[in-house]
Amino acid sequence: MRKYIKFKIIGLALVMAAFAACDTADQDVSPIVSPDGYPVATFTTDFTGGSVNEGDTIKYTIKFDKMIDRSVTFSLRQLDGDADDDDFSVASAVMQPYTKEVEMLLIINSDDALEGPESLKYEIKAYSLADKYLVNPSVVYPTVDLTITNVNDPTLLTIVFSFDTEDDIDIVTWSEVDGAWGDGGATGANPEVDKAIWLADPVGTYYVNIMHWGADPFDYTFTLGHPDGSLQTITGTFDSANLGNYTVDDWTAWGDSYPCYRVLKVVNNGTSFVVTAL
């Protein structure tokens with residue numbers, strides 16, 4: 001008799017558990033967190049078009065439609081393009097707690113590199129997990145394709161001289177009237193950069209001379225940035241085994257006399273330059 005009662009009690013417990021399971025299965029699961037109350041970010045900029053020049057700055061203003069008690073960091077990330085870190089700079093924008101607006105500046109760097117147009121594709125977004133889930137998922141983040149245009153100095157001739165040797169090769173500029181003119185290209189660097197010949201300088205003929213310092217023959221490339229923005233390339237081989245093929249000038253601006261050999265002729269007419277190989 002006791003055994004029979006025991007089995008009845010067990011059966012009753014199983015039936016009650018089954019009813020409880022069915023009741024639980026019929027209930028809807030409530031969402032854990034709804035993003036509906038998260039701030040919506042909008043992005044505006046003073047930039048229009050798809051092309052910028054070296055030296056330009058693009059400003060973005062990021063706004064929230066409501067304040068929150070946490071900071072949110074927005075960053076710019078390069079997605080594609082042949083521009084590198086030397087071509088632009090940007091700092092992350094941090095939306096501070098209880099604020100609704102922050103600015104981000106994309107600075108297009110200006111340098112002495114004479115190059116053709118470069119491309120930059122980027123996106124501005126809250127990337128970290130800690131930040132992205134504080135922003136409404138409906139936000140459309142800006143993705144931008146840029147063309148970066150090289151800008152030459154409009155007042156002078158930019159001369160970039162590169163060479164295929166480990167030797168220390170220099171260039172100096174020479175005036176047909178005044179002699180030694182500029183030594184900005186005598187630094188020990190490769191490439192060397194000279195900006196000594198200005199449109200405002202006396203009209204006339206100037207020369208670009210090589211100081212080879214006893215190096216073996218080597219190949220070189222001159223990249224010339226004209227004031228109108230155009231680029232010119234002149235390549236050649238400096239034949240140090242046959243120095244009699246060159247017109248030599250004596251550079252005395254450093255105290256002693258150093259031979260330098262003419263390789264380029266620069267004619268300045270006051271509004272532009274005409275550069276030819278010798």
Side-chain angles (χ1 to χ4, degrees), residues 53-56 109-117 149-165 167-215 217-240 242-278:
N53 295 325
E54 288 182 341
D56 287 350
N109 298 328
S110 182
D111 53 36
D112 288 328
L114 300 181
E115 54 205 356
T149 302
N150 177 78
V151 175
N152 303 336
D153 191 314
T155 65
L156 52 81
L157 181 68
T158 303
I159 304 170
V160 178
F161 170 67
S162 58
F163 41 93
D164 68 348
T165 175
D167 296 291
D168 178 13
I169 311 298
D170 294 322
I171 57 170
V172 292
T173 52
W174 187 269
S175 167
E176 190 172 61
V177 174
D178 298 311
W181 192 256
D183 60 358
T187 67
N190 186 1
E192 292 281 10
V193 179
D194 181 272
K195 296 182 176 181
I197 308 175
W198 292 57
L199 287 174
D201 291 332
V203 170
T205 301
Y206 299 80
Y207 297 96
V208 179
N209 295 24
I210 284 179
M211 289 182 171
H212 69 103
W213 304 115
F218 58 88
D219 295 329
Y220 61 80
T221 299
F222 282 99
T223 306
L224 307 162
H226 288 263
D228 64 358
S230 63
L231 299 178
Q232 180 183 2
T233 301
I234 296 176
T235 59
T237 299
F238 185 79
D239 187 3
S240 55
N242 295 284
L243 295 177
N245 295 333
Y246 302 93
T247 299
V248 62
D249 296 305
D250 291 321
W251 183 267
T252 59
W254 300 334
D256 293 325
S257 179
Y258 301 94
C260 55
Y261 302 88
R262 299 179 182 181
V263 290
L264 299 182
K265 178 181 179 180
V266 179
V267 177
N268 176 16
N269 64 18
T271 58
S272 63
F273 298 104
V274 177
V275 184
T276 53
L278 295 174

Chemist: Can you tell me how far apart OG1 (T187) and CG (D168) are? Round to the nearest 0.5 Å.
Modeler: 8.0 Å
Chemist: Just checking, any donor-acceptor pair under 3.5 angstrom between side chains of N245 and N242?
Modeler: no
Chemist: Using atom types as modelled and distance alone, determine if a side-chain donor or acceptor of N268 lies under 3.5 Å from a backbone N or O of G270.
Modeler: yes
Chemist: Between I159 and L224, does a side-chain contact (heavy atoms from CB on, under 4.5 Å) hold up when you go through it step by step?
Modeler: CA-CA 5 Å; I159 304 170; L224 307 162; 3.9 Å; yes
Chemist: Looking at every heavy atom in both G182 and A196, which two are closest together, and how far apart are they?
Modeler: CA-CB, 3.8 Å
Chemist: Should the heavy atoms of other residues, nucleotides or ligands under 6.0 Å from NZ of K195 be counted, would the total exceed 12?
Modeler: yes
Chemist: D194 and G185: which non-hydrogen atoms are nearest, and at how many Å?
Modeler: OD2-N, 3.7 Å
Chemist: Could you walk me through whether L231 and H226 satisfy the side-chain contact (heavy atoms from CB on, under 4.5 Å) test, starting with their C-alpha distance in whole Å, then the side-chain angles of each, then the deciding distance to 0.1 Å, before giving a yes or no?
Modeler: CA-CA 6 Å; L231 299 178; H226 288 263; over 6 Å; no
Chemist: Mind checking the CH2-OH spacing from W174 to Y261? Nearest 0.5 Å is all I need.
Modeler: 12.5 Å
Chemist: Might you point out which heavy atoms bring E115 and N150 nearest each other, and give the distance in Å?
Modeler: O-CB, 3.0 Å
Chemist: Verify, without hydrogens or angle tests, whether N152 (side chain) and L114 (backbone) share a donor-acceptor contact under 3.5 angstrom.
Modeler: no
Chemist: Taking C-beta and beyond as the side chain, do F238 and L243 meet within less than 4.5 Å on heavy atoms?
Modeler: yes
Chemist: Please report the closest heavy-atom contact between P259 and V248, naming both atoms and the distance.
Modeler: CB-CG2, 3.8 Å
Chemist: Looking just at side-chain N and O atoms, do W213 and D167 make a donor-acceptor pair shorter than 3.5 Å?
Modeler: no
Chemist: Determine all donor-acceptor pairs shorter than 3.5 Å in which one atom belongs to a side chain in residues 200-211; sequence neighbours excluded.
Modeler:
residue, atom, partner, partner atom, Å
D201, OD2, W198, N, 2.7
Y206, OH, P202, O, 2.7
Y207, OH, E176, OE2, 3.1
N209, ND2, D249, OD2, 2.8

Chemist: Looking only at heavy atoms, what is the nearest atom pair of T165 and N190, with distance?
Modeler: O-ND2, 4.0 Å
Chemist: Could you go through the side-chain contact (heavy atoms from CB on, under 4.5 Å) check for T221 and T235 one step at a time?
Modeler: CA-CA 4 Å; T221 299; T235 59; 3.6 Å; yes
Chemist: Just wondering, do Y220 and I169 contact through their side chains at under 4.5 Å, heavy atoms?
Modeler: no
Chemist: Looking at P154 and L199, what are the two nearest heavy atoms and their distance?
Modeler: O-CD1, 3.8 Å
Chemist: Rounded at 0.5 Å granularity, tell me how far CG in L156 sits from CD1 in I197.
Modeler: 9.5 Å
Chemist: Indicate yes or no: at least one non-hydrogen side-chain atom of F161 is less than 4.5 angstrom from one of F222.
Modeler: yes
Chemist: Between Y246 (side chain) and S240 (backbone), is there a donor-acceptor pair under 3.5 Å?
Modeler: no
Chemist: Where do W254 and D183 land on the side chain to side chain donor-acceptor pair (under 3.5 Å) test, with the steps shown first?
Modeler: CA-CA 10 Å; W254 300 334; D183 60 358; 2.9 Å; yes
Chemist: Is it the case that D250 and T252 place a side-chain donor and acceptor less than 3.5 Å from each other?
Modeler: no
Chemist: Please tell me if the side chains of T247 and L278 come closer than 4.5 Å, counting only heavy atoms from C-beta onward.
Modeler: no
